[in-house]
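One structure is given here, and the rest of the page talks about it.
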Amino acid sequence: MGGEKDLAMLLQTLSAVLVDGSYVFATIHEEAMPPGLSPRMLFREAEGITLVLLQDEAEAMGMKYEFPCRMITLNVHSSLEAVGFIAHIASELAKHDMGVNPVSGYFHDHLFVPLGREADALQIISEIAERFSAQQ
């Protein structure tokens, strides 16, 4: 259950899916957590709680937010100890002037890419997989 560690195997079996909805990043103080809020991700930092949530939900709650983005799930079960996987993908996206905010879950990695650049990101990810599959 620990996932794949071999970088070449991860890259050659890589596929991605675009998750429905536009996401945003917001921050709140812990005591200000609105009831009924269902963020996709919650991360506690010293300065406050970072939330990744649907843009519609943030707007409905009157929250200030940044980085409207789309979520792409990488459909390969990567190990949390895999070396270079996200770095390789982020570097390829950077070559196309695209920032990315990656999040690793237990089973998959997820990329938050700028709204409007999701098709570009999916194409780049597909090209990575094709390139590594051709090498085998």
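Just the heavy atoms: all of them, side chains too, but no hydrogens, waters or symmetry mates, feed the values below. Since the model is a prediction, treat every value here as computed from it, not as a measurement.
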So His77 and Tyr106, would you call those rings parallel, tilted or perpendicular, with 30° and 60° as cut-offs?
-> tilted
Roughly how far apart are His96 NE2 and Ser91 OG, rounded to 0.5 Å?
-> 12.5 Å
Check whether any side-chain heavy atom of Pro102 lies under 4.5 Å from a side-chain heavy atom of Asp109, and answer yes or no.
-> no
Heavy-atom closest contact (Leu93 atom, Leu111 atom, distance) = CD1-CD1, 4.4 Å
Would you confirm whether the ring centroid of Tyr23 sits within less than 6.0 angstrom of the ring centroid of His110?
-> no
Should Phe25 and Cys69 count as side-chain neighbours, where that means a heavy-atom distance under 4.5 Å?
-> yes
Distance (rounded to the nearest 0.5 Å) between Leu37 CG and Glu57 CD = 4.5 Å
Give a yes or no on this: more than 12 heavy atoms of other residues, nucleotides or ligands lie within 6.0 Å of atom CD of Glu45.
-> yes
Shortest non-hydrogen contact between Met61 and Gly36, atoms and distance | CE-C, 4.4 Å
Interatomic distance, CD@Glu118 vs CE@Met98, rounded to 0.5 Å, equals 9.0 Å
Distance, nearest 0.5 Å, that separates CD1 of Ile125 from CG of Leu14 = 6.5 Å
Please examine the side chains of Pro39 and Val52, heavy atoms only from C-beta on, and report whether any two atoms are closer than 4.5 Å.
-> no
Could you tell me which non-hydrogen atom of Pro114 sits nearest to which non-hydrogen atom of Gly99, and how far apart they are?
-> CD-O, 3.3 Å
For the residue pair Leu10 and Leu74, establish whether any side-chain heavy-atom pair is separated by less than 4.5 Å.
-> no
In Å, rounded to the nearest 0.5 Å, how long is the span from CG of Leu18 to CZ of Arg70?
-> 4.0 Å
Taking the side chain from Thr50 and the backbone from Thr27, do they hold a donor-acceptor pair closer than 3.5 Å?
-> no
Distance col, row Gln12:CD vs Ile128:CD1, nearest 0.5 angstrom, shows 13.5 Å
With side chains defined as the heavy atoms from C-beta onward, is the minimum distance between Met33 and Leu42 less than 4.5 Å?
-> yes
